[in-house]
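Working notes, beginning with the structure itself.
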Amino acid sequence: RDVPVTNTPKSNVSRLESTYLEYIHVPKDWRRDRDSIDALLQRYRVIAAVFGVMGALFAFAQHELVLQGLDPQGPLVTACKAACTACTAMCLFRIHRIYMLIELFERVVRHITNLHPLDVQVPVALPLSIRSFWLEVIVVGTHVPPFLTMEVGFKNFDNFILYRAETLGALWCSFRVYLLWRVMRDYILMNLPRRHTVSTFSEVNMGSSLAIKILLNSPRAAANILLVWFFLILLCAYWWRAVEATACQFGSQTLDTRCDDDNALSWNLGVVGTEFEKINDNYFWNAIWVCWVSSSTAGYGEITPTTHLGRCVACAVSFIGIMIGAVLTAAFSNSLRWTPQEMSAMALLARESAKKNAKVHAASIITFWFRRRKGEGNSETAGMFSLGCLWRLFNPFVANKKKYISAVSLKRNFNKSLASSKIDVNACQSDAVRLEQAVASSQYISEAMQFLLAKVARLQLSQDAATYFESFKDVKIPGQAQSTVSPTSSHKKVIEQAEPISLTQRTLSAGSQQSQKDQAATDGEVSKLVRLERRMSMKFQTSYRAHERVGAKGELEVGTQRSSQVEHVLLDEHQPKLKWRRSRDAVDRGMYRCRKMAAVFVSIGAAAAVLSNELFINGMEPTAPTVDLLKTVNSLCTILAIRSVFLAYWHRELWDRLHRHLTRGHPLDVFVPYLPVLNSRWFWVEAVVCVGHVPPGYTFEFESTSVNNLAVYRAETLGAMLNMCRLYLLWWLYTDRMLRDLPN
């Protein structure tokens, strides 16, 4: 704009216009945007993890095919090797691109934070000079290519063990699972707003350590730890199964002649009396069982490692179990801490309990005083009574000592309960909640004081202006008659609309000339006060409207209460038996009664199912009259238990309606239909759990293959196991019993 167009040649003008148009239409360069680079990094990490895991799966597949007896040079195994090679190449290409993007990201960060010159052209050969890049190339790139196979023999104690190249390649490819952690880390950190800016400001590395801490401190920390534990157990089980198998017993033909030696078939562990015949255990569930009992530090010992690599895997599994157990314990202890809201609730409950106990202690004091007044005629009798009380209190042969408590202890308990009951509600809140409230109150007071200061400044300005006009009251103008200058209506309007200024600015002379710099500073402070006043005015208007809405809501609640009172009167007149439906405590007692009946019925039914199974185990026929009688009792208890569970959910729906009516003023309808209960998902879950049983006159057998063995189960045994699952309803009874004693 500063260049005069009239004196500029047309060629220069056209060049400027073309440059401006190109600047407008040129898209944003993603190589200069930190967020775009980070999004591309996340995408490349996902692609690298997908190709890496797919290559590992193809390596596992070729190992399993060779383990089952297929030729390592066969077409199917070769196809798996070719697929693994292709996935490995794609994964390495993406890893190379990831390192280039990391270098570009660091350049952008240095440019933003330290104003270093930015060069977005990253050389292709730059990752080759990074040590970690070559480490990843070794971990990811090592695999068994197609048309290649070999055998590797080892001396294990005094035994000979042979491994195939497909087995070792599959074990090495399992290390690629570290690529999944990068994807998981990005998923954890991607929802953090402006994490790169916060990382630069706080000097906190938004990397794996922070992701692990977020993972362990989340509400689902225990579930995440258990999921990682299960994944590591599967991985270690695969390692155990692979290193404990010798290739001399594979179905495919081996070229190593040492497999025909005695130490390749008959093994020993270097100790006399430990000779055994080596047989490969290809059952994967056995490997999972060994890794599970080793990680849980139980270690039953029915399956032991027979190779050096197997013992290394067992040590690794034990170490993983110890670490996971410690972290899981910390996560559970962290989840069991009292929250600030729960601490406030417990303090309020203690206050209400103190109120109740104060009445009890007061009644005990009155009773104690009345008994002493009734049984004592003079002071001597009183002293003897006191000594008698002390003797009864410390006598070991007196059974009930609660009757002989002294008056001092009764008064002390009463005063303690009375002091606890007089605690203010705000004092029952936790320290964190009170600190937040104090900070919010101080901020509100600060803004209110600034608003009042602005109002005082405006009032003082209007008073100064009025004084200024009063000073011209007796001014005489030469050549004219005496005139009085008074503030007109327009002057008053100007005064009323005058902007508030600070007290420091008002000390300056009203008619003096100020410099331009001082005037600009004054205007800035005035505009700041104006904005503050407008904001506070809007806040007070919003508060006033909120009070109006609260008032309207209060009128609505009054109307709702009146209508509910009318309905209550009509309900009492026509259906007096339904009066309890408007009492929250009565509904809660009904719900507790239904849960108690459900717990009783499922306990009786489970006892009948267990007894019928025990009679069958001891030789009684499943169709015997005694067994059928127990099955009939179980069926009746099942029906009654489901009915009790249904009524408990019905009472819960009614209780929710009462709670919404009392807390939010919702209209109350005490006639609860059955449809809301039938639409509840948890009701059907509990109904399915409770309905499982064996009806009378019915039996069957169930066959299952377990560890190459045949196991047959009778219907009575399975029914007893299902009936034991119903006992979770006892937890309902226990929690209700424990929480019903809490006051209010």
Side-chain angles (χ1 to χ4, degrees), residues 56-74 76-77 80-81 84 142-144 148-175 177 232-270 274-295 300-318 706-709:
L57 292 178
F58 283 119
F60 296 160
Q62 69 188 16
H63 166 64
E64 293 298 324
L65 292 176
V66 173
L67 186 65
Q68 298 300 327
L70 271 71
D71 186 11
Q73 299 289 344
L76 190 57
V77 178
C80 290
K81 293 179 179 179
C84 179
T142 304
H143 69 289
V144 181
L148 177 65
T149 185
M150 65 179 68
E151 297 174 349
V152 182
F154 292 97
K155 197 73 172 179
N156 179 61
F157 298 105
D158 292 333
N159 313 312
F160 175 74
I161 185 170
L162 185 69
Y163 291 114
R164 298 292 304 218
E166 291 76 13
T167 302
L168 299 178
L171 295 178
W172 188 265
C173 287
S174 64
F175 289 121
V177 296
L232 292 177
I233 285 176
L234 290 179
L235 188 61
C236 293
Y238 185 81
W239 268 76
W240 173 281
R241 177 170 169 266
V243 300
E244 286 290 314
T246 176
C248 295
Q249 298 184 8
F250 285 179
S252 58
Q253 186 178 2
T254 178
L255 301 178
D256 200 323
T257 57
R258 291 176 291 181
C259 289
D260 298 331
D261 297 341
D262 293 338
N263 61 350
L265 302 176
S266 179
W267 283 22
N268 65 80
L269 300 181
T274 58
E275 293 80 7
F276 62 94
E277 183 181 359
K278 176 60 179 176
I279 299 176
N280 289 340
D281 187 5
N282 297 330
Y283 194 61
F284 191 65
W285 287 107
N286 284 344
I288 293 178
W289 170 253
V290 172
C291 292
W292 170 255
V293 297
S294 299
S295 65
Y300 291 108
E302 73 276 14
I303 302 177
T304 58
T306 58
T307 62
H308 294 302
L309 291 179
R311 292 186 174 184
C312 293
V313 173
C315 293
V317 170
S318 301
S706 175
V707 198
N708 297 326
N709 304 316

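Counting from 1, the numbers follow the sequence of the chain as shown. The basis for the numbers below is simple: all heavy atoms, side chains too, and nothing from hydrogens, waters or symmetry mates.
- Ser174 places a side-chain heavy atom less than 4.5 Å from the side chain of Leu235.
- Each of Thr167, Thr142, Val144 was evaluated against Trp172; a single residue qualifies, Thr142, per the side chain to side chain contact (heavy atoms under 4.5 Å, CB included) test.
- Of the inter-residue distances, the one linking Met150 atom CE with Asp256 atom CG reads 13.5 Å to the nearest 0.5 angstrom.
- For the atom pair OG1 (Thr246) and CD1 (Ile279), the distance works out to 12.5 Å, reported to the nearest 0.5 Å.
- Between Tyr163 and Ile161, the closest side-chain pair of non-hydrogen atoms falls below 4.5 Å.
- With sequence neighbours left out, Ala237 forms a side chain to side chain contact (heavy atoms under 4.5 Å, CB included) with Phe284, Ala287, Ile288, Cys291.
- The sulfur atoms (SG) of Cys248 and Cys259 lie less than 2.5 Å from each other.
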Full working for salt bridge (Lys or Arg N to Asp or Glu O under 4.0 Å) between Arg258 and Glu151: CA-CA 12 Å; Arg258 291 176 291 181; Glu151 297 174 349; over 6 Å; no
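- Phe160 and Phe154 have their aromatic ring centers separated by at least 6.0 angstrom.
- Distance check: Glu275 CD to Ser266 OG gives 6.5 Å after rounding to the nearest 0.5 Å.
- In this structure, a donor-acceptor pair under 3.5 Å is absent between the side chains of Asn159 and Asn263.
- Using cut-offs of 30° and 60° on the angle between ring planes, the pair Phe157 and His308 is tilted.
- In this structure, Tyr238 and His63 have perpendicular ring planes: the angle between them is above 60°, well past the 30° mark.
- Using a 4.5 Å cut-off on side-chain heavy atoms (C-beta onward), Asn280 and Phe250 make contact.
- To the nearest 0.5 angstrom, Ile303 atom CD1 is 11.0 Å from Tyr283 atom OH.
- Taking CG of Asp262 as the start and CG of Asp158 as the end, the distance is 13.0 Å to the nearest 0.5 Å.
- Glu166 and Thr149 share a donor-acceptor pair across their side chains, judged by distance under 3.5 Å alone.
- The closest side-chain donor-acceptor pair between Thr306 and Trp267, if any, does not fall under 3.5 angstrom.
- Side-chain contact check for Thr307 and Glu244: at least one donor-acceptor pair (N or O, by modelled atom type) lies under 3.5 Å.
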